[in-house]
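What follows is a single structure, written as structure tokens, with notes after it.
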Amino acid sequence: QVQLVESGGGLVQAGGSLRLSCAASGRTFSNYAMGWFRQAPGKEREFVAGISPRGRTTYYADSVKGRFTISRDNAKNTIYLQMNNLKPEDTAVYYCAGRTYSTVSVFLSAYNYWGQGTQVTVSS
């Protein structure tokens, strides 16, 4: 069993930056592909970024490419999402997710474990 706890959300002005963290429990964290998803009010949850178990491969949604960076520190059982040049349309609850496979997926149903989410609000 893996538990995921996100932190680092908040209110920021457009053009600003935030770094989200997701702390995972469980000894097999380093075997899991991990991802960040987000859900804006009235919209479906969507893929934002993903990272392979050793961090060698990353994937990003087109909407965040060049602005967001996903990374992980397996020694600390933590993944990060560095978000730069934030836009009002990035406003959402951001969720950390893990799957018991080594390949990243963009599909919600592929992930076994989810955090509780952290709110990110970008003001214009």
Checklist outcome for this item: d(Q82 CD, L18 CG) to nearest 0.5 Å is 8.5 Å
Next on the checklist: Is there a path of hydrophobic side-chain contacts, each under 4.5 Å between heavy atoms of I/L/V/M/F/W/Y residues, joining M34 to W36?
Outcome noted: yes
Checklist outcome for this item: One should read off an interatomic distance between L20 CG and F68 CZ, to the nearest 0.5 angstrom, of 8.0 Å
Checklist outcome for this item: dist Y32:OH -> N77:CG (nearest 0.5 Å) comes out at 10.5 Å
Item to check | Check: Q3 main-chain N/O paired with S25 side-chain donor or acceptor under 3.5 Å | outcome: yes
Checklist entry - Any sub-3.5 Å donor-acceptor pair from T121's side-chain atoms to T91's backbone N or O? => result no
Item to check | E89 atom CD: more than 12 heavy-atom contacts under 6.0 Å | outcome: yes
Checklist entry - Which value, rounded to the nearest 0.5 Å, describes the distance between R99 atom CZ and S109 atom OG? => result 9.0 Å
Next on the checklist: For A49 versus L81, what's the shortest heavy-atom pair and its separation?
Outcome noted: CB-CD1, 4.1 Å
Checklist outcome for this item: Nearest heavy-atom contact between K43 and Q39 is O-NE2, 3.1 Å
Checklist entry - What distance do D73 atom CG and I79 atom CD1 have between them, rounded to the nearest 0.5 Å? => result 11.5 Å
Next on the checklist: So for atom OH, which belongs to Y101, do other residues, nucleotides or ligands contribute more than 12 heavy atoms lying within a distance under 6.0 Å?
Outcome noted: no
Checklist entry - At their closest point, which heavy atom of S105 faces which heavy atom of A110, and how far apart are they? => result OG-CB, 3.3 Å
Checklist entry - In terms of hydrophobic clusters joined by side-chain contacts under 4.5 Å, are Y60 and Y111 together? => result no
Checklist entry - Which atoms form the tightest heavy-atom contact between Q119 and V93, and what is the distance? => result OE1-CG2, 3.2 Å
Checklist entry - Same hydrophobic cluster for Y113 and Y95, using side-chain heavy-atom links shorter than 4.5 Å among ILVMFWY? => result no
Checklist entry - Under a 4.5 Å side-chain heavy-atom rule over Ile, Leu, Val, Met, Phe, Trp and Tyr, are F47 and I70 clustered together? => result no
Item to check | Geometric cation-pi criterion, R45 with F37: 6.0 Å, 45° | outcome: no
Checklist entry - Going from OG on S124 to CD on Q13, what distance comes out if it is rounded to the nearest 0.5 angstrom? => result 9.5 Å
Item to check | Closest non-hydrogen atom pair between P53 and A33, with its separation | outcome: CG-N, 3.9 Å
Next on the checklist: I need the minimum non-hydrogen distance between L4 and Q116, along with the two atoms involved.
Outcome noted: O-OE1, 3.6 Å
Item to check | Side-chain heavy-atom pair T57, V104 within 4.5 angstrom cut-off | outcome: no
Checklist entry - Between E6 and T118, is there a donor-acceptor pair closer than 3.5 Å when you use the side chain of the first and the backbone of the second? => result no
Checklist entry - Does NZ or CZ of R72 come closer than 6.0 Å to the centre of the six-membered ring of F29, within 45° of the ring's axis? => result yes
Item to check | Check against salt bridge (Lys or Arg N to Asp or Glu O under 4.0 Å), D90 and K87 | outcome: CA-CA 5 Å; D90 294 318; K87 304 175 180 180; over 6 Å; no
Checklist entry - Will you find, in the side chains of R38 and Y94, an N or O donor that is under 3.5 Å from an N or O acceptor? => result yes
Next on the checklist: Count I, L, V, M, F, W, Y as connected when their side-chain heavy atoms are under 4.5 Å apart, and connections chain through other members. Are V120 and L11 then in the same cluster?
Outcome noted: no
